[in-house]
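So you know, we letter chains A, B, ... as the sequences are listed, proteins then strands, and number each from 1.
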Protein chains: 2
Amino acid sequence: MSRPTIAGVARAAGVSVASVSRVLNGLPATEEMIERVQRAVDELGYVPDARARSLKVGRTFQLTLAVADVGNPVYVTMMRAVEEVVSAAGYRLVVTTTGPDVVDEVALVRGMARGYADGLLISPIRVDEDLVKSIRECEVPVVVAGNVPAKAGVDTVRANSPKGMLLAVDHLVAKGRRRIAFLNGPADTVPGAARSKGFTEAMKAHGLDPIAVAEASDFTFAAGRAAAPAVLGGESRPDAVIAANDLLAVGLMHELAAAGLEVPGDVAVVGMDDSELAEQSFPPLTSVNLGSAERGRRAAELLLARIEDNQRTPRRIVVQPSLSIRRSTP
Amino acid sequence: MSRPTIAGVARAAGVSVASVSRVLNGLPATEEMIERVQRAVDELGYVPDARARSLKVGRTFQLTLAVADVGNPVYVTMMRAVEEVVSAAGYRLVVTTTGPDVVDEVALVRGMARGYADGLLISPIRVDEDLVKSIRECEVPVVVAGNVPAKAGVDTVRANSPKGMLLAVDHLVAKGRRRIAFLNGPADTVPGAARSKGFTEAMKAHGLDPIAVAEASDFTFAAGRAAAPAVLGGESRPDAVIAANDLLAVGLMHELAAAGLEVPGDVAVVGMDDSELAEQSFPPLTSVNLGSAERGRRAAELLLARIEDNQRTPRRIVVQPSLSIRRSTP
DNA sequence: ATCGTTCTTGTAATCGTTTACAAGCCCGAC
DNA sequence: GTCGGGCTTGTAAACGATTACAAGAACGAT
């Protein structure tokens, strides 16, 4: 009653295992051979064992996408794009969650050496020496969606947060807002650091000083709510807030409503990531599109290319942002 | 420069492969043996190959969770719960997306026979004969989060939608609403059919006739928006709408706002699933909690139990709903 | 010293595939 | 009739682990 193996099929068809394997892999064979094998396969309901196959051929035809938090809608955008590319190339995509800790990311990368997948696409939220080292030493190709040092010598696709921040500030300034505040996520994360730097630069470019800068404990809705007072509670209220991602922005907007402030009338709000949530929130959220879909697509392509040829020199792609203007800004 | 194998480690340590394997698996060995193997392992950076291991021991220590749409926030709730249970049991969780078509689900279940994972947790959106058949015949344990016929003889954990609908209608009626409409998802899906039936029963229990019933083309935000006119455009406007899930409810609320209608003043809105989106939407959405987290947890437990003992008689668990009241209802 | 027991270690078979190589067959050309 | 070439098919050796079994070492009891 146990699973039929290729040997069973061979016996049933009265041929050798090699012939069965050849027929199944579409290698040349006579009509009669194909016929007999096919019949035996159907009859027994044989399905080849992927473990044995991949042990022999050294490939699993699986790719892993690792993200920090499945609850963050930016990852669904990315995931959709990645899925499309890799499935077109004949790979299955499996998604795993790392959580916010860098040690888990390192463990994941190290674990890839076990041969679960042919490649890893990781979007790390925190990066340290260990992670870079483990990526460089990893037995399977890795591409990073995010920012790691150039010396790491690894394919990366990253966003241009400073440029994105500039778009956001430009837009707010054009609409007459000057008292601009910034709601960041944890500054010890890669996106947190980049966005903080970008915000400071963009404000300087306009000769403005921030009204307030707050740091949420996480890139989540709840953290956005919790950090709202820090961004609003200063002596002079901001007339615009830029949040480091959409979840934070939406959390903030809830607190604005609770405080009786209108968006965008009293306070304009700009998010980042332009995820599905930006469209779904109310009012719909003006958001900096950091090209998540394109980043996913390009990253997937880099991964496939590196699987083809592991010797190619690492590429570092930067995708340009745009601004999706919706009703949370005037 | 290629990956070290157990044979390489054995050679480096000057012992046999069996001894290396034993040390690595914590079987009894002398201090000196452990020491030598450990040193060789560290030196070579050896990591056992999961494919080879699982080929031999017949287990991969991976579990697959298959969902229809990663963009649906109800799945993130479920995913979190499942992840917690299975990782505590020493399994890795991988997530794959099936899309809305039942043929893809069937292909997935069939594909499990290839041995990618030790078990499958699937939340099918459409169910047909083929799917039931493929689940029953599947080589690896499968548990279904959702509703399949009892005769399928498979472990299931499902929600009690009729009861949930009753909670929603009870609540609306208690708040004085009588002109209640229903915004369903596709009626040819399992949740669509169940929620439709539940709604009809609940209304009947209160002696009410629905003001309008509309069917969105999908359980998505966009479909909710598109179907809004059908639910609002009748001769008499509803004073309350129940949506078959949170995404539909939020889509509807956007159209209500566009039409200048207040929530809950003019129209109360109730969603279903009580996902993170219900909390994040504005106004926060009253939503029927169908116990996604608990369903995920229980389903994961059933799966683990069945992996332990494949002979146990299938269980069918129903988890009870509750109502999370927020500001979209009076 | 011999025997039996227990403990450690090594040899080799096995899991289910793929594939290099060899063998067999058929066929036409000389 | 023999030979060589091209196909088709089969045999057996991998892939990298685990593990049953056997052999050897150590040791205490007689």
- Return the minimal non-hydrogen interatomic distance between A/F219 and A/G192, and the atom names on each side.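 In this case the closest contact between A/F219 and A/G192 is CZ-N, 3.8 Å.
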
- Item | Distance-minimising heavy-atom pair for A/K151 and A/R136 |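 Smallest heavy-atom distance, with atoms named: O-NH1, 3.6 Å.
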
- Per-nucleotide protein contact string for nucleotides 15-20 of chain C (B base, S sugar-phosphate only, - none; heavy atom under 4.0 Å): BBBBB-

Gap between atoms [atom1] and [atom2], on [X] and [N] respectively (whole Å):
| X | N | atom1 | atom2 | answer |
| --- | --- | --- | --- | --- |
| B/L44 | D/dG16 | CG | C1' | 15 Å |
| B/E35 | C/dT9 | CD | C1' | 18 Å |
| B/E32 | C/dT9 | CD | C1' | 12 Å |
| B/E31 | C/dT8 | CD | C1' | 14 Å |

- Query: Passes salt bridge (Lys or Arg N to Asp or Glu O under 4.0 Å), B/R80 versus B/E84? Steps please.
  - Reply: CA-CA 6 Å; B/R80 292 211 161 100; B/E84 196 167 328; over 6 Å; no

- Query: Is B/R298 salt-bridged to B/E294, going by a charged N under 4.0 Å from an acidic O?
  - Reply: yes

- Do A/R297 and A/E301 sit within salt-bridge range, that is, some charged N less than 4.0 Å from a carboxylate O? no

- Ignoring backbone atoms, establish whether B/T30 has a side-chain N or O less than 4.0 Å from OP1 or OP2 of C/dT9. yes

- Tell me, which pairs form a salt bridge (Lys or Arg N to Asp or Glu O under 4.0 Å) where one or both residues lie in residues 5-23 of chain A, sequence neighbours left out?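 Non-adjacent pairs meeting salt bridge (Lys or Arg N to Asp or Glu O under 4.0 Å): zero.
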
